[in-house]
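Here the structure is laid out as C-alpha cells; the discussion comes afterwards.
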Amino acid sequence: MEFRFLELEHYNNNPHFHRFAKVLEGRKRECTVLLPPDTEPQQFFNAFLTHVQAAVEKRRFLPIARFCDGEYSFYSGRETTTCWGERASSLHLPGVEQLHMDALRMISEEGLLCPNLNLIYLKAQSGFLEYLARAAMPLRNYVPFYFVYALLVNPAFMTCLRGLHLVLISNFRNKHSANILATLREAGIADVTLCEIPSSGVAHGEFELKLSRRPDVALVGAGIGSPLVLARLKEHSCVAIDSGFVFHLWDGTFDRYERLFLNYE
C-alpha cells in the first residue's frame with residue numbers, strides 16, 4: 001500500500017481546509033491515506049458504494065467498522081475514555097478481549113474494516129495493525145476510513161434507503177433525535193426506529209439490542225464499542241454501518257465542513 005492524497009468527485013474538502021487554516025498542513029496530512037497500489041481512488045469508492053448498495057438490496061449481512069484514535073488507544077491496551085461518552089474502558093477486563101477478537105474476526109471475514117490510515121496516525125495505526133497481526137488477522141477487505149463518511153452523505157446511498165426499515169443504534173442523550181429524524185425525512189427516509197444503548201460500557205459488551213423488528217439497514221454510533229454492536233447484528237442479516245460522527249451532522253451539532261468528505265456538492 002502507498003500514501004496518496006485522497007480526492008473524490010463531488011466531495012469538496014476546501015471549506016474544511018479553509019476552516020482549519022491554522023493547522024492546514026495537519027489536515028492535508030490527515031487526507032493523505034494508505035491506498036492499494038495501482039488503485040484509482042474514485043473507482044475504489046465507486047466499487048465500495050456499489051458493494052454496499054448490493055448488500056442492502058439483497059438483505060445481506062455486511063458489517064462496516066471504522067477505527068481511529070479512540071480505537072487505537074483501546075486496542076493498544078490503554079484504559080480509554082472518549083469525548084462521546086465511553087468511560088474507563090479496558091480491553092483487559094475478563095472476557096472483553098475475546099469479545100472484541102470474535103467481533104473483529106467476523107467483520108474482517110464478512111464485512112469491511114475501515115481504519116484511519118493516514119500520515120497523522122502513523123504510530124497509532126501501526127500499533128493497531130500489529131494487534132491484528134498478532135491475532136493472525138491481517139488487514140483485509142480494507143476500505144479507507146473516509147469512504148464511510150462519503151457513503152453516508154452520498155445521494156445514491158441515501159436514495160437506496162427509501163422504503164426500507166432503518167434502525168439507528170446509539171445513546172441519544174447527547175443527540176437531538178428530532179433533528180436526526182427530520183433530516184432523514186427530508187431525504188425521503190421515513191421508516192426509522194431509534195434503539196437506545198448505554199453511553200458507556202458498550203465496549204465491555206454491556207448492552208442489549210431491543211429491536212421490535214428486523215432492520216434492513218442499521219447505523220451504529222457506539223464509539224469503541226461499535227464492533228461488538230455490529231457483530232450482534234449478524235443475526236438480523238442486515239447492512240450494519242459504524243456511522244458515529246454522522247449522527248451529529250444530521251442532528252445539527254456540527255456542519256458538513258467540520259470533517260473531511262461530508263461536503264457533497
- Task: Flag the pair H100 / Y75 as yes when their ring centroid distance falls below 6.0 Å, and as no otherwise.
- Result: yes
- Query: Salt-bridged, R19 to E258, with N to O below 4.0 Å?
  - Reply: yes
- Message: Taking ring-ring contact (aromatic ring centres under 6.0 Å, His included) as the criterion, tell me which of F67, Y121, F74 meets it with F128.
- Response: F67
- Query: Where the side chain of R140 meets the backbone of L113, is there a donor-acceptor pair that is under 3.5 Å apart?
  - Reply: no
Considering only distance and modelled atom types, tabulate donor-acceptor pairs under 3.5 Å from the side chains of residues 142-149, sequence neighbours left out.
| from | atom 1 | to | atom 2 | distance (Å) |
| --- | --- | --- | --- | --- |
| Y142 | OH | L34 | O | 2.7 |
| Y146 | OH | E30 | OE2 | 2.6 |
| Y149 | OH | R259 | NH1 | 2.9 |

- Residues two or more places apart in sequence or in another chain: which of them pass side chain to side chain donor-acceptor pair (under 3.5 Å) with E7? none
- Message: Working note: N179 + W250, criterion side-chain contact (heavy atoms from CB on, under 4.5 Å); need CA distance, chi angles, decisive distance, verdict.
- Response: CA-CA 7 Å; N179 291 356; W250 290 341; over 6 Å; no
- Are L119 and K28 side-chain neighbours, meaning at least one heavy-atom pair lies under 4.5 Å? no
- Query: Is there a side-chain contact between V33 and L117, using heavy atoms and a 4.5 Å cut-off?
  - Reply: no
- Check: L219 main-chain N/O paired with S243 side-chain donor or acceptor under 3.5 Å: no
- Message: Can you confirm whether C195 sits close enough to L209 that some side-chain heavy atom of one is under 4.5 Å from a side-chain heavy atom of the other?
- Response: yes
- Query: Is any side-chain heavy atom of I180 less than 4.5 Å from a side-chain heavy atom of L194?
  - Reply: no
- Query: Which pairs count as salt bridge (Lys or Arg N to Asp or Glu O under 4.0 Å) when at least one residue sits in residues 59-73, sequence neighbours excluded?
  - Reply: R59-D216, R66-D242
- Task: Measure from NZ or CZ of R27 to the centre of the six-membered ring of F20, then state whether that distance is under 6.0 Å and the direction lies within 45° of the axis.
- Result: yes
- Does the side chain of L62 come within less than 4.5 Å of H51's, by heavy atoms? yes
- Evaluate side-chain contact (heavy atoms from CB on, under 4.5 Å) for L228 paired with F207, printing each intermediate quantity in order. CA-CA 10 Å; L228 302 188; F207 67 95; 4.0 Å; yes
- Query: Between CG of L211 and SG of C238, what distance do you get to the nearest 0.5 Å?
  - Reply: 8.5 Å
- Counting only heavy atoms not in E208, do more than 12 fall under 6.0 Å of its CD? no
- Return yes if some donor-acceptor pair links the side-chain N/O of N141 with the main-chain N/O of S108 below 3.5 Å, else return no. yes
